[in-house]
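Written below as structure tokens is the structure these notes are about.
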Amino acid sequence: MAEITKSYEARDVEQKWYAAWLQAKAFRGTVDPQREPYSIVIPPPNVTGVLTMGHVLNNTLQDVLIRRARLEGRSAMWLPGTDHAGIATQTVVERELRKQKKTRHDFGREKFVEKVWEWRHEKGGIILEQLRRLGASCDWDRTAFTMDPAYSKRVLHVFVELFKRGHIYRGKRMVNWCPASLTALSDEEVIMKPVNSTLYRVRYELASQPGRFVEVKTTRPETIPGDVAIAVHPDDPRFADMIGQKVRRPIGPAADIPIIADSAVDKEFGSGALKITPAHDKVDYEIGLRHKLPVIDVLEANGTLNALAGDELAGLDRFAGRKKAAELLRASGALVDEEAYSNNVGYSERADVPIEPRLTEQWWLRYPKVEEAKAAVRDGHIKFHPERWSKVYLHWLENIQDWCISRQLWWGHRIPVWYRKGADRSDPQNWHVSVDGPADPQNWEQENDVLDTWASSWLWPFATLGWPDEGEMKQQGFDYFYPTSTLVTGPDIIFFWVARMIMAGLEFVRPGEPIERRIPFRDVYFTGIIRDQQGRKMSKSLGNSPDPLDLIATYGADGLRFGIVSIAPQGQDIRFQEDRIESGKNFCNKLWNACRFRQMSGEAGDNSTLGAIITRLDPSRFDGDDHAILDRLLVTTKEVERCFREFEFSAAVQALYGFFWNDFCDWYVEVSKSKLQAPETKPNCLAIQDLVLRQTLLLLHPFVPFITEELWSLLGYANQGGFIQTTRLETAAGLQAALEARGLVLDRALIAGVESLKTFVSQARALKAEHNLASRRDVQFQVIANDAAWATLDASTAKLIRMVGAAGMARRDKVEGAPAVVTPLGTLYLDLASTVDVGAEKIRLTKELEAISKHVAATEARLSNEAFVSKAPPAVLAGARKQLADQQAKRAELERLLKAL
RNA sequence: GGACCUUUAGCUCAGUUGGUUAGAGCGUUUCCUUGACAUGGAAGAGGUCACUGGUUCGAGUCCAGUAAGGUCCACCA
């Protein structure tokens with residue numbers, strides 16, 4: 001067996017094992033009726049994406065769940081893939097074309113889409129490679145892509161089905177238009193931002209009463225040429241006599257427009273009068289409909305003003321047009337006033353430009369299964385972690401609006417609707433809707449629009465498993481793996497993706513069957529958002545995100561994984577600190593070296609199975625430390641089990657960290673050093689170490705897969721070359737039963753004794769340090785102890801002397817003039833050859849006496865409170881009494897010591 | 001306007017159903033290159049648990065309110 005080197009070198013180990021895992025097809029998710037299934041579908045990253053810290057967290061957690069499921073003996077399947085990301089990808093390719101001074105229109109639709117495919121084959125999906133570096137144990141043979149021919153067909157199938165079921169319609173309505181990407185967007189793709197703008201006060205002259213004006217306030221004077229009315233509230237006395245009259249449009253083509261009354265106008269806001277521009281505002285559009293007003297669209301798709309805006313404005317960009325319009329108003333005297341103003345403006349999430357409300361023909365979806373989607377979460381068929389996100393989810397579903405699913409892009413799933421050539425497109429009689437298209441294509445023209453990207457990814461949990469093709473479903477194990485077990489994602493896509501997947505699953509999967517068979521997943525774990533030190537969201541544009549690959553190079557994939565999980569408590573945003581990643585690396589090194597110590601301590605016994613190790617235990621040689629470490633091992637195993645049940649990953653990591661570093665390395669390994677000296681205790685001690693290390697490696701493996709696989713092999717746990725990940729992890733209950741079968745019942749009293757010994761050692765070390773003897777190993781200790789305490793101490797003298805760093809420890813009836821400390825196992829004296837600094841010693845003891853006296857007083861006060869004594873539970877009461885007795889004894893001893901000085 | 005979250009050590013955070021002297025990591029101070037590990041060991045310093053009130057024998061923990069910071073939804077020109 002290879003020797004364990006002095007420090008852990010992650011790079012080679014990671015490459016070696018990842019290749020070995022792939023080679024062995026260790027990540028393959030197979031249908032196995034003998035085992036419980038466990039499945040996760042990856043939230044497909046954009047095909048243009050590169051690994052961010054958010055991906056690191058998200059995918060580490062998925063890998064943790066998947067690997068843990070494997071260890072628990074389930075058949076685990078993690079399905080990877082990417083999303084074609086319509087706008088994002090098209091933009092990337094267009095940007096490349098622009099470098100060659102070309103646009104997509106120079107190529108035409110077909111050629112351009114070919115270009116995107118070329119890009120995707122060359123540069124797309126880098127992120128999947130990067131996930132391998134992180135150790136992700138995806139079933140790569142199942143890698144899916146939302147534009148794969150098979151997947152695309154499923155997307156179109158869903159469109160056709162929803163159309164047939166009456167959920168999809170075409171209509172001319174106000175949409176959020178992105179003048180940069182030249183496409184409609186869904187409401188979810190618009191983000192509101194506060195903007196510093198100008199509020200212009202503009203007066204409109206009454207046509208019939210020159211010299212009389214109506215004033216309105218607007219932030220968008222460039223749309224005045226599109227005004228078709230002025231609206232006031234019907235009950236507003238200021239305007240009562242004006243309703244029905246006409247005013248002159250102050251700029252743009254000359255026209256007289258009516259003053260109308262509509263209760264949508266807020267009397268309190270601005271001047272109380274509202275200019276109505278139906279083409280460029282949602283509320284105005286609705287008012288326009290009610291009053292049968294014409295629509296004058298003064299903007300081109302790209303946001304420049306058109307001829308309808310009048311000669312002076314035509315051709316200008318909307319922002320330049322705004323300035324120009326203000327100038328024109330000022331020149332004509334129509335601009336009464338302008339003031340600085342802060343208002344909220346909708347921005348395109350992707351292109352980061354203000355969106356325009358725009359009247360266009362689009363395809364809309366009336367969401368299916370809305371009520372059932374609510375019930376699925378409300379009734380607990382799907383559980384959200386943390387639970388509070390279910391409120392956000394339900395609130396959105398309560399107020400759900402139809403989904404604009406068409407996009408004016410070329411990269412995406414082209415909507416499977418054909419229009420009869422030359423016929424009226426608004427008449428559904430002239431439509432052909434099918435996956436494969438009409439039989440006589442020469443007579444038809446296909447719809448130009450493609451589907452919103454989310455209108456393909458909402459099918460992810462079942463379309464990736466072969467749905468609806470029965471043969472494919474069988475091959476992919478649909479019946480076995482659906483519903484998937486857990487979804488790990490960010491709360492920022494709860495509407496975009498999570499809610500929609502639930503509705504899609506309920507609508508399409510296993511119709512007629514109970515809800516729990518149709519939902520796409522049972523648990524949803526929402527990660528926090530990773531922020532930088534200043535609390536800002538990490539983003540590419542801010543450049544405040546470290547490159548995960550650099551972190552892997554510096555700290556190892558395991559270090560990064562361990563670190564990121566440890567700082568990600570459930571449901572809270574995460575403030576990223578690189579030093580936590582460093583401590584992840586340090587932990588790996590600690591693990592490595594503890595195993596190295598084990599290897600150097602003696603020949604490996606039979607480590608091939610848990611049973612073999614347990615057989616090597618010798619109950620007759622067990623002392624308190626042995627009982628205590630196994631107890632802590634069981635407690636930790638149990639705690640990790642709880643953490644997985646409750647999705648508390650950082651708590652699991654912390655429990656393992658504390659157990660391994662403090663309980664095992666700092667205490668057990670140290671006491672082992674004397675046990676290993678003695679031939680009669682050595683074999684049992686080694687067996688215990690083997691047992692603890694084995695279980696610890698298994699518990700840690702989901703978090704730090706590479707190093708644990710390496711150590712598993714180096715310490716001889718790999719039975720016939722098997723991987724750690726194909727080993728069955730024993731539960732706390734199972735492990736305890738196995739120990740008991742070997743005659744090992746953990747002894748509570750002995751375990752409690754170890755706690756006293758730990759305190760004793762700590763106090764003894766402190767005593768040495770107080771007297772500047774921390775590094776001396778030749779000091780002598782004396783102790784005054786009762787028989788019981790001395791028995792505990794005497795049984796462990798060799799260990800204690802080693803732990804404390806002393807030459808010896810003797811029992812005495814009386815000691816004088818030496819510095820002392822009161823421990824749970826008696827009063828410990830430091831035997832100083834030189835004279836003691838009595839003054840310093842007095843100060844130290846006095847300080848301690850003061851502290852203990854305070855506690856005594858507090859405990860006495862509690863116990864003298866009649867209400868406490870009569871109402872507190874007996875256990876609490878007894879605890880308080882015991883505490884008081886201990887405190888009083890300690891105080892008395894301190895007083896005695898002080899007196900002696 | 002509506003909803004939610006956060007506030008505990010210098011920093012980042014734990015703190016399960018209320019119950020001993022409120023914890024961890026990092027940082028910091030002192031000592032230690034002793035045969036697993038200096039990516040380490042030992043000992044220490046550091047907290048009126050944001051504030052006010054209430055419930056209770058007992059509150060960091062439960063309730064009400066206040067303040068500050070953050071997130072989401074809606075949005076009035």
Side-chain angles (χ1 to χ4, degrees), chain A residues 4 6-8 192 199 216-220 231 264-266 268-271 273-277 281 283-284 343-344 346 386 388-389 391-392 395-396 399 491-492 494-495 529 531 533 535 537 555 559 563 566-567 569 571-580 582-583 585-601 642 646 648 650-651 654 657-658 662 665-666 669-670 673 761-762 765-770 772-777 802-805 851-852 854-855 858-859 862 865-873 875-877 879-880 882-884 886-887:
Chain A
I4 299 180
K6 185 163 174 173
S7 66
Y8 173 57
M192 303 304 287
L199 189 59
V216 302
K217 287 191 174 182
T218 179
T219 54
R220 302 205 59 190
V265 179
D266 182 353
E268 309 302 321
F269 188 89
S271 61
L274 175 63
K275 76 190 214 37
I276 301 301
T277 322
D281 186 278
V283 173
D284 290 10
N343 62 331
N344 287 330
R388 67 187 151 88
W389 291 112
K391 234 183 211 176
V392 176
H395 180 256
W396 184 72
N399 300 285
D492 49 333
I494 199 165
F495 312 137
I529 291 165
R531 301 177 176 280
Q533 293 288 31
K537 212 165 155 173
Y555 304 108
S566 77
I567 53 177
Q572 288 315 128
D573 283 0
I574 296 127
R575 200 153 300 201
F576 181 74
Q577 296 183 110
E578 194 162 325
D579 58 20
R580 294 295 288 264
E582 190 181 355
S583 80
K585 181 194 179 181
N586 294 349
F587 180 77
C588 289
N589 193 59
K590 190 76 178 174
L591 178 64
W592 185 260
N593 273 287
C595 292
R596 180 167 185 255
F597 174 76
R598 165 61 193 93
Q599 195 185 53
M600 290 164 69
S601 298
R642 185 194 68 80
E646 295 174 17
E648 292 184 13
S650 70
Q654 277 158 27
Y657 185 100
N662 305 130
C665 293
D666 289 349
V669 167
E670 291 307 318
K673 285 174 182 172
V761 166
S762 209
R765 285 167 172 167
L767 192 60
K768 281 176 69 185
E770 286 281 347
N772 298 321
L773 294 170
S775 55
R776 293 279 291 274
R777 306 183 69 81
R802 190 184 176 103
M803 297 290 280
V804 172
I852 194 73
K854 240 188 239 170
H855 296 316
T859 315
R862 277 176 76 201
N865 182 344
E866 217 173 287
F868 174 70
V869 176
S870 59
K871 291 189 183 173
V876 172
L877 197 58
K882 164 100 169 57
Q883 182 195 343
L884 182 63
D886 292 348
Q887 288 171 342

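Chain naming here is simple, since letters A, B, ... match the order of the sequence lines and numbering starts at 1 in each. Quantities reported herein were computed from a predicted structural model and do not represent experimental measurements.
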Distance check, P atoms only: B/U71 and B/G27, in whole angstrom units.
30 Å

N/O-N/O pairs, protein side and nucleotides 45-47 of chain B side, under 3.5 Å:
none

Would the distance check show the side chain of A/K217 and the main-chain N or O of A/F269 forming a donor-acceptor pair, the cut-off being under 3.5 Å?
no

For atom C1', what is the distance between B/G54 and B/C72, given to the nearest Å?
32 Å

Taking atom P in both B/A24 and B/G41, what distance in whole Å separates the two?
14 Å

Going by side-chain contact (heavy atoms from CB on, under 4.5 Å), name the residues that satisfy it together with A/Q577, two or more places apart in sequence or in a different chain.
A/Q533, A/D579, A/R580

I'd like to compare against my own output: the B/S/- annotation of nucleotides 7-21 of chain B with a strict under-4.0 Å heavy-atom distance to protein.
-----BSS----BBB

Reading nucleotides 36-43 of chain B from 5' to 3' and marking B where a protein heavy atom lies under 4.0 Å of the base, S where only the sugar-phosphate is that close, and - otherwise, the string is BBSBSSSS

Taking atom C1' in both B/A50 and B/U61, what distance in whole Å separates the two?
16 Å

Residues which pass ring-ring contact (aromatic ring centres under 6.0 Å, His included) with A/Y657, listed by chain and number, not counting sequence neighbours
A/F587, A/W661

With the side chain counted from C-beta on, respond yes when A/W396 and A/K391 share a heavy-atom pair under 4.5 Å apart, and no when they do not.
no

Per-nucleotide protein contact string for nucleotides 72-77 of chain B (B base, S sugar-phosphate only, - none; heavy atom under 4.0 Å)
-S-BBB

Say we look at B/A59 and B/G19: how far apart would their C1' atoms be, to the nearest angstrom?
10 Å

Over all atoms of both residues, closest heavy-atom pair of A/Y8 and A/N589
N-OD1, 3.5 Å

Considering only atom C1', compute the distance from B/C32 to B/C37 and round it to an integer number of Å.
15 Å

Can any side-chain N or O of A/D573 pair as donor or acceptor with the backbone N or O of A/I529 at less than 3.5 Å?
yes

With sequence neighbours excluded, tell me which residues meet side-chain contact (heavy atoms from CB on, under 4.5 Å) with A/N662.
A/D666

So, using salt bridge (charged side-chain N to carboxylate O under 4.0 Å, His left out) as the criterion, who are the partners of A/E648 when residues are at least two apart?
A/R642

Could you state the atom-to-atom distance from CG of A/N865 to P of B/U56 in whole Å?
14 Å

Residue set satisfying salt bridge (charged side-chain N to carboxylate O under 4.0 Å, His left out) with A/E578, at least two apart, ordered chain then number -> none

How far does the C1' atom of B/U56 sit from the matching atom of B/C63, given to the nearest Å?
12 Å

Without swapping roles, check the side chain of A/K768 against the backbone of A/R776 for a donor-acceptor pair under 3.5 Å.
yes

Would you say A/N593 and A/I4 make side-chain contact, with heavy atoms under 4.5 Å?
no

When you compare the side chains of A/S566 and A/Q654, does any donor N or O come within less than 3.5 Å of an acceptor on the partner?
no

Using atom NZ of A/K768 as one end and atom P of B/G44 as the other, report the distance to the nearest whole Å.
14 Å

When you compare B/U12 with B/U33, how far apart are their P atoms, in angstrom units rounded to a whole number?
36 Å

Going by the rule salt bridge (charged side-chain N to carboxylate O under 4.0 Å, His left out), which residues pair with A/K585 if we only count those two or more places apart in sequence or in a different chain?
none

Given side chains that start at C-beta, do those of A/V869 and A/L877 come closer than 4.5 Å, heavy atoms only?
yes

If the condition is salt bridge (charged side-chain N to carboxylate O under 4.0 Å, His left out), which residues does A/D492 pass it with, not counting sequence neighbours?
none

Can you tell me how far P of B/G2 sits from NZ of A/K391, to the nearest Å?
15 Å

Just need the stems in RNA chain B: three or more back-to-back Watson-Crick or G-U pairs, each with both distances under 3.5 angstrom, sorted by first number.
B:1-7 with B:67-73, B:10-13 with B:23-26, B:28-32 with B:40-44, B:50-54 with B:62-66

Are the side chains of A/I574 and A/R531 in contact, using a 4.5 Å heavy-atom criterion?
no

